[in-house]
Amino acid sequence: MRFFYTFLSAMLTIVSVSAQERCSSSSYLQKIRLQHPEMTGRLSQIFQSARRIQQNNNPSNQLSTNAPAEIVIPVVVHVLYNSNAQNISDDQIFSQIEALNADFNKLNADFANVPAAFRSLAGESHIRFALATADPEGRATNGIIRKKTTVQMWTDDDHIKMDGYGGSNAWDADSYLNIWTGSMVGGLLGYASFPGGPADRDGVVIRSDIFGTRGKLSAPFNKGRTATHEVGHWLNLKHLWGDITCGDDEVFDTPVQRSHNTGCPSFPRINAGCANGANGDMYMNYMDFTNDACMGMFTIGQAFMMRAMFEEGMPRQKMLRTKGLNEPWNASVPVTTGTVTTGKMVLFPNPVSAGTVTVETSQDLNWVGQEFKVFNTSGQVILSGKMTQSKQNVNIDKLTAGIYYFKVGDAKAGLSARFVKQ
């Protein structure tokens, strides 16, 4: 009998999640409020403070807040996989970081598809994301944690965030944006915590086959916009309709919207009952539920709201002092092989100041003839070429000072090493 009730409870959870729309952050927030009643007052205070920041600054200039001109957020991605197919590649992860940086700064190529009526309202947050280079103890990291788990599918119960349930514990929420990715039940694409919640649950969860823009992805959510949407929640953005009919999202320049949109609406999308004007719904906003290819903008007001989280006394302000992007105290950066268990790559000197860096794969000649790429911490390819011999010099004179990743072979089944250019 006990087994039956446990099974029934699990099935009800799956049915509940399957019925969710694209994002379950609002229902997740209600669960957290029930567990932590103080969250209701805390969230109200955060939104009131954010509105004051909007009112006290020029709404035509999202950089007029007291936060730094550019905010850089270190990211740690927890990859939870039950099968090899779920163990997404480094390149797929890099592509998601690239998509976040483009979407949050109006650099996305498909911004040109935003209707002219809304284009002038689009804002740049000047918030950038980069994979962490130092872990909470100051040791070298590539910002990616891979963990094989016996769990086949995750729900929005936060077990994916806990070692004890087969998940992966969060890194310090004051210093890192934690992103978990794995296989999700039913129609659940992702969910996020809002600022001010429990630190050990802080971050966003994204289904692995819709994470990034390259790799094993499922249309129509294959442009990384689920992560853009959920990170928007993590930075205090609500859904456009405020999760009630004709509700308020607390942002001054988003039109009233009756409810969510799906698919790819045509402009204008007029939804009777809310009197939102001739231009109708802002369905191309990242905080709606439309397909990835039909999204393309945050507004200036939304950029203000997100940047407000980094003002003095606000929930994300401590992240400005993070050491997650520092050079690790352990200057001897270890070679990592991802899912590969054989072969070895040696890269030296490290750090390197000028000239060339030597890459040696002499213990495994199978890497000769393979492509190599050099990535920066934002996942952008800076250099590329081919390994023509087992011990090869690569010219790095044109690289600016910073931390880079050298990868040989496929981004998932390959060798990688981090090096520092001084």
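The pair R316-D202 counts as a salt bridge, with a side-chain nitrogen and a carboxylate oxygen less than 4.0 angstrom apart. Under 4.0 Å is where a charged nitrogen must lie from a carboxylate oxygen, and between D90 and R146 at least one such pair does.
Under the 3.5 Å distance criterion, the side-chain polar atoms of N105 are left unmatched by any main-chain donor or acceptor of L107. Remark: side-chain polar atoms of T181 are not paired, donor with acceptor, to backbone N or O of V79 under 3.5 angstrom. At least one donor-acceptor pair under 3.5 Å links the side chain of D157 to the backbone N or O of H159. Remark: side-chain polar atoms of W180 are paired, donor with acceptor, to backbone N or O of S168 under 3.5 angstrom. Side chain of N285 to backbone of M287: a donor-acceptor contact under 3.5 angstrom is found.
Using bins of under 30°, 30° to 60° and over 60° for the plane-to-plane angle, the ring pair H260/F289 lands in the tilted bin. Taking the six-membered ring where the residue is Trp, H233 and H229 present perpendicular rings, their angle passing 60° and hence far from 30°. Classified by interplanar angle (parallel below 30°, tilted 30° to 60°, perpendicular above 60°), the ring pair Y404/F419 is parallel.
Taking a 6.0 Å sphere around NZ of K318, one finds it holds 12 or fewer heavy atoms contributed by other residues, nucleotides or ligands. Residue Y165 qualifies as open at atom OH: its count of foreign heavy atoms under 6.0 Å is 12 or below.
A distance of 6.0 Å separates CZ in F104 from CG in L235, rounded to the nearest 0.5 Å. Rounded to the nearest 0.5 angstrom, Q302 CD and F252 CZ are separated by 10.0 Å.
The shortest side-chain heavy-atom distance between I403 and V420 falls under the 4.5 Å cut-off.
Just one residue in the list D288, D103, D292 forms a salt bridge (Lys or Arg N to Asp or Glu O under 4.0 Å) with R225, and that residue is D103. F129 pairs in a side chain to side chain contact (heavy atoms under 4.5 Å, CB included) with only one of the listed residues (V231, I71, V72), which is V231.
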